[in-house]
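Notes for the one structure printed next.
All figures in this text were calculated on a predicted structure; none of them were measured in a lab.
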Amino acid sequence: MSYADQVFIAMCKDILRNGTSTEGEKVRPHWEDGTPAYTIKRFGVVNRYDLSKEFPALTIRKTPIKSCTDELLWIWQKKSNNVNDFDGHIWDAWADEDGSIGKAYGYQMGVKHAYREGMFDQVDRVIYDLKHNPYSRRILTNLYVHQDLHEMNLYPCAYSMTFNVTKPKDGGKLVLNSILNQRSNDVLAANSWNVCQYAVLTHMLAQVCDMQVGEFVHVIADAHIYDRHVPMIEELISRPTFPAPKFRLNPEIKDFYRFTKDDVRLDDYEYGEPLGKIPVAV
């Protein structure tokens, strides 16, 4: 069993056994047929992954590494808020006729801010500090910009990354650790996707800043399983598991803006059968 499987299965069991239901309450999400999308939820879930030991991809179900990396680069590298700038269709429900999702995600990453050292957007500031001020406790990003929320077609779910660098006891390269903060996480549709893409980001930033990866911590304020997902989750967590795959990142890339989705791959990746179409609440 991979460690990611162990964490995911334990989290799902905890939500199903100990979570609280929103059934009958006023909720924003709804299904395609207009029915309210209720959840079973747990507050304040924290999962930790040591990226130096294994890559946190599920084996009970495939996580498409190139697809989740494509979305990550759409936000962090292209700094785009237009769905026409990447190959996926997961944002189509929130895009307008021109493909824009409003002033969300990549838009916020591309906004430049004034610092003592000059003008930086959030991504370039992270890279600058990792290279020049690695022990700073202020290396973070924030997409939850209140003044722009009214112009976002969906408020950011994964809204903040915090980076922290530590010195290894063996005297080797500095270690890059990261925290992803999410206000909300659809456990079936998005949990492994988010974990894998921000683990990839941590690997990428470590490589271009000449560091090694350490811990990735995933903090979820509202970890939930939708009512129509419960049978799928129950089937999923009963499946046999496999060893964790090996993560490969093109070692030739030293500039964050040169990475493509084809620079990542998972070797020796065994996984279970597809679940079939997952209904998505909007």
Side-chain angles (χ1 to χ4, degrees), residues 3-4 7 44-57 68-69 72-73 75-79 105-146 156-183 185 194-221 247-259 263-264:
Y3 181 71
V7 168
V45 172
V46 180
N47 295 324
R48 308 180 77 104
Y49 306 88
D50 188 341
L51 302 183
S52 70
K53 292 182 178 178
E54 67 179 55
F55 189 81
C68 67
T69 298
L72 175 79
L73 293 176
I75 298 168
W76 278 74
Q77 188 192 76
K78 295 179 180 178
K79 301 165 191 173
Y105 287 96
Y107 171 90
Q108 297 296 337
M109 284 301 195
V111 174
K112 290 188 181 295
H113 304 273
Y115 300 88
R116 292 187 182 93
E117 299 87 350
M119 297 293 291
F120 295 90
D121 63 35
Q122 294 193 58
V123 179
D124 289 337
R125 182 71 213 195
V126 165
I127 294 171
Y128 177 88
D129 279 336
L130 289 177
K131 290 182 176 181
H132 297 91
N133 309 301
Y135 290 108
S136 171
R137 297 187 294 268
R138 302 172 178 178
I139 309 176
L140 57 89
T141 61
N142 176 38
L143 301 181
Y144 210 87
V145 179
H146 285 260
C157 296
Y159 68 89
S160 175
M161 280 291 285
T162 303
F163 300 93
N164 190 274
V165 175
T166 53
K167 183 184 294 184
K169 294 181 179 179
D170 63 7
K173 289 183 177 181
L174 295 179
V175 177
L176 179 61
N177 308 285
S178 63
I179 299 173
L180 171 65
N181 277 290
Q182 287 200 245
R183 64 169 178 83
N185 187 238
N194 291 142
V195 168
C196 285
Q197 65 185 173
Y198 285 93
V200 168
L201 175 66
T202 305
H203 273 278
M204 287 179 168
L205 291 175
Q207 180 165 301
V208 301
C209 296
D210 196 28
M211 297 179 183
Q212 57 184 323
V213 292
E215 272 198 292
F216 167 65
V217 181
H218 192 194
V219 181
I220 311 168
F247 177 73
R248 303 297 183 198
L249 181 64
N250 183 350
E252 302 299 318
I253 307 298
K254 303 302 181 184
D255 178 351
F256 179 72
Y257 293 99
R258 287 186 55 214
F259 281 117
D263 288 313
V264 302

**Request:** Starting from the C-alpha separation in whole Å, work towards a yes-or-no answer on side-chain contact (heavy atoms from CB on, under 4.5 Å) for V7 and Y49.
**Result:** CA-CA 9 Å; V7 168; Y49 306 88; 3.5 Å; yes
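- Considering only heavy atoms from C-beta on, Y198 comes within 4.5 Å of M161 through its side chain.
- L143 is listed as a side-chain neighbour of M109, based on a closest heavy-atom distance under 4.5 Å.
- Taking the six-membered ring where the residue is Trp, F120 and Y128 present tilted rings, their angle falling between 30° and 60°.
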**Request:** Verify side-chain contact (heavy atoms from CB on, under 4.5 Å) between Y107 and K79, making sure each step is shown before the conclusion.
**Result:** CA-CA 6 Å; Y107 171 90; K79 301 165 191 173; over 6 Å; no
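- Geometric assessment of R125 against the ring of Y115 yields a positive cation-pi assignment under the 6.0 Å and 45° thresholds.
- In this structure, L51 and P56 approach most closely via the heavy-atom pair CD2-CD, 3.7 Å.
- Residue L201 is tested with F216, F259, F256 for a side chain to side chain contact (heavy atoms under 4.5 Å, CB included); the sole match is F256.
- Contacts classified as side-chain hydrogen bond (donor to acceptor under 3.5 Å, both in side chains) and involving residues 208-217 (residues at least two apart or in different chains) are given here: R48-E215, K173-D210.
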**Request:** Might you work through the side-chain contact (heavy atoms from CB on, under 4.5 Å) test for W76 and Q122, ending with a clear yes or no?
**Result:** CA-CA 9 Å; W76 278 74; Q122 294 193 58; over 6 Å; no
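- When the shell of 6.0 Å around NZ of K167 is examined, it contains 12 or fewer heavy atoms from other residues, nucleotides or ligands.
- L130 is listed as a side-chain neighbour of L176, based on a closest heavy-atom distance under 4.5 Å.
- Residues N194 and Q197 approach most closely at ND2-OE1, 3.0 Å, considering heavy atoms.
- At distances below 3.5 Å, not a single donor-acceptor pair connects side-chain atoms of T141 with backbone N or O atoms of S160.
- Rounding to the nearest 0.5 Å places CD of Q207 at 4.5 Å from CG of L249.
- Note that the CD1 atom of I220 and the CG atom of N47 stand 5.5 Å from one another [nearest 0.5 Å].
- Atom CG in N142 sits 8.5 Å away from atom CD in Q108 (nearest 0.5 Å).
- Taking the six-membered ring where the residue is Trp, H203 and F55 present tilted rings, their angle falling between 30° and 60°.
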**Message:** Does H113 form a side-chain contact (heavy atoms from CB on, under 4.5 Å) with M119? I'd like the steps, not just the answer.
**Reply:** CA-CA 5 Å; H113 304 273; M119 297 293 291; 5.8 Å; no
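- Not counting sequence neighbours, the partners of D255 by the side chain to side chain contact (heavy atoms under 4.5 Å, CB included) test are Y257, R258.
- Between V126 and V123 there is no side-chain heavy-atom pair separated by less than 4.5 Å.
- The two residues L180 and A158 have their closest heavy-atom pair at CD1-CB, 3.9 Å.
- At a cut-off of 3.5 Å, with distance as the only test, no side-chain donor of N164 or S178 sits close to an acceptor on the other residue.
- Contact of the F163 side chain with the L140 side chain is not registered, since no non-hydrogen atoms from C-beta on lie closer than 4.5 Å.
- Between T69 and M204 there is a side-chain heavy-atom pair separated by less than 4.5 Å.
- Using a 4.5 Å heavy-atom threshold, the side chains of I179 and V217 count as touching.
- Between Y3 and K53, every side-chain heavy-atom pair lies at or beyond the 4.5 Å cut-off.
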**Request:** Could you please spell out the steps behind the side-chain hydrogen bond (donor to acceptor under 3.5 Å, both in side chains) verdict for N177 and T166?
**Result:** CA-CA 8 Å; N177 308 285; T166 53; 3.2 Å; yes
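- Pairing each heavy atom of C209 with each of I127, the nearest pair is SG-O, 4.2 Å.
- Each side-chain hydrogen bond (donor to acceptor under 3.5 Å, both in side chains) pair with one or both residues in residues 130-140, not counting sequence neighbours, appears once here: D129-N133.
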